[in-house]
Amino acid sequence: MSDGPLVLGIETSCDETGIGIVRGHTLLVDEVASSVEEHARFGGVVPEVASRAHLEAMVPTLERACEKAGVRLSDVDAVAVTSGPGLAGALLVGVAAAKALALGLGKPLYGVNHLAAHVAVDQLEHGPLPEPCLAMLVSGGHSSLLRVEDVTTGVEPLGATIDDAAGEAFDKVARLLGLPFPGGPHIDRAARSGNSVAIDFPRGLTARRDLERHRFDFSFSGLKTAVARWVEARERAGETVDVSDVAASFQEAVCDVLTRKAIDAAVTQGIDDILIGGGVAANSRLRAMAEERAAAKGIRVRVPRPGLCTDNGAMVAALGAELVARGRTPSALDLPADSSQPITTVVA
Ligand code: KG4
Ligand code: ZN
């Protein structure tokens, strides 16, 4: 077994109750209880439903994690929890549980930033993070480009979405195509048998005039509207809509913009390593396109395996372990849940 602190991580910022335990860079267990099915009929996460599901899942998930890892809570060196950003009520459940554990065990508490945790998780798979690295975080709630010098002290935001997040665009377009929620994996699958150049959908914020102010920002709401208009027009004309072609062309537009901007940011910043995280990083086309385009510029791409890209407790534990290893100051026991915790605040 590798060295390093034994850290318990708790994630409840959205609809996944995640409990992860790591020792240093070694993942011991990653237990996730998802309430996604309870939200499916609403086409999106319902905050109150998510909070209640976290309350019900917290203790059983924690017990399962400890049992699978063969860890007693008294052996844990520190407790880390996502303190934000995320849904306020959902975050509160995790933060309250983490405080109770830290207080009861007499161990330090780290309230960590959800986005920084998405970055740190890759250490569990690919070892220490290159410093600096360029992180592209793409999920249902966020799409950002970050310069990461040291994930425990600060992360510099270079750009972010100005409207919908990338995953949100996948979910909304899937809904429009009659595919289930969450839409990302369904679009990914449908796209495999479709033609990605069938429809030339718009690439948001890539025109020359947009690049002046929004070079590293994203916009996906225009793309979503373009897909809606295209589908409506075909339906009005009584034509059948080829879901695979729409999915493939839409996915191509999203991946094109994401990879183009990430590589531009890395080149501009003189960074040789791009890390992709968040649920959308599970997209097969995004992975392939990023690797191909980055390689042409001599840039390496790291993407954690899909299970570590979507929300989970291991990512929180991974960041917690790094904070302990680098001797960072823990949070106070009156740590609040901060639904809009800025990316520059790694530990609240
Ligand atoms: O990181 P995550 O689990 O939760 C948030 O913090 O939002 O990301 C969930 C998002 C959803 O929007 C889902 O549709 C998207 O990630 N997603 C995908 C894929 N798998 C999940 N998007 C595109 N392709 C995929 N294969
Ligand atoms: Zn996330």
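Just so you know, these numbers use all the heavy atoms, side chains as well, and skip hydrogens, waters and symmetry mates. All ligand and atom numbering here is 1-based and tracks the order in the structure.
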Is there a heavy atom of Pro185 sitting under 4.0 angstrom from any atom of ligand 1?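 Pro185: in contact with ligand 1 (<4.0 Å).
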The one among Ser284, Gly140, Ala191, Ala282 that brings a heavy atom closest to atom 10 (C) of ligand 1: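 Selected option, by shortest heavy-atom distance: Gly140.
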Counting heavy atoms only, name the option from Asp311, Asp171, Leu286, Leu137 that's nearest to atom 5 (C) of ligand 1.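 That would be Asp311.
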Output yes when the distance from some N or O of ligand 1 to some N or O of Gly184 is under 3.5 Å, and no in every other case.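 Checking ligand 1 against Gly184, an N or O pair does fall under 3.5 Å apart.
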Would you mind telling me if ligand 1 is within reach of the side chain of Asp188, the backbone, both or neither, using heavy atoms under 4.0 Å?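 Side chain only.
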Quick check on contacts: which atoms of ligand 1 are under 4.0 angstrom from a heavy atom of [X]?
X	value
Gly141	7 (O)
His118	1 (O)
Gly167	12 (O)
His142	6 (O)
Gly279	1 (O), 2 (P), 8 (O), 16 (O), 17 (N), 18 (C), 19 (C), 20 (N), 21 (C)

The Zn ion (ligand 2) to His114: any N/O/S contact under 2.8 Å?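 Checking His114: at least one N, O or S atom is under 2.8 Å.
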Are a donor atom and an acceptor atom from the side chains of [X] and [Y] found within less than 3.5 Å of each other?
X	Y	value
His54	Ser51	no
Arg293	Thr259	yes
Gln251	Arg285	no
Ser219	Asp163	yes
Asp210	His214	no

Heteroatom of His118 nearest to the Zn ion (ligand 2) (N, O or S, atom name):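 So the atom name we want here is NE2.
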Of all the N, O or S atoms in Asp311, which has the shortest distance to the Zn ion (ligand 2)?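 For Asp311, the N, O or S atom at the smallest distance from the Zn ion (ligand 2) is OD1.
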With a 4.5 Å cut-off on side-chain heavy atoms, are Met58 and Thr12 touching?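 They are in contact (side-chain heavy atoms under 4.5 Å apart), so the answer is yes.
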Do the side chains of His114 and Leu91 get nearer than 4.5 Å, heavy atoms only?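 Side chain of Leu91 against side chain of His114, heavy atoms only: no contact under 4.5 Å found.
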Can you name the nearest heavy-atom pair linking Ala314 to Leu308, along with the distance?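 Answer, listing the atom of Ala314 first, then Leu308: CB-CD2, 4.2 Å.
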Protein residue, atom and distance nearest to atom 24 (N) of ligand 1, heavy-atom basis: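 Nearest protein contact, heavy atoms only, for atom 24 (N) of ligand 1 is Asn283 ND2, 3.0 Å.
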I'd like to know whether the aromatic ring centres of Phe170 and Phe250 sit less than 6.0 Å apart in this structure.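 Yes, they do, as the ring centres are separated by less than 6.0 Å.
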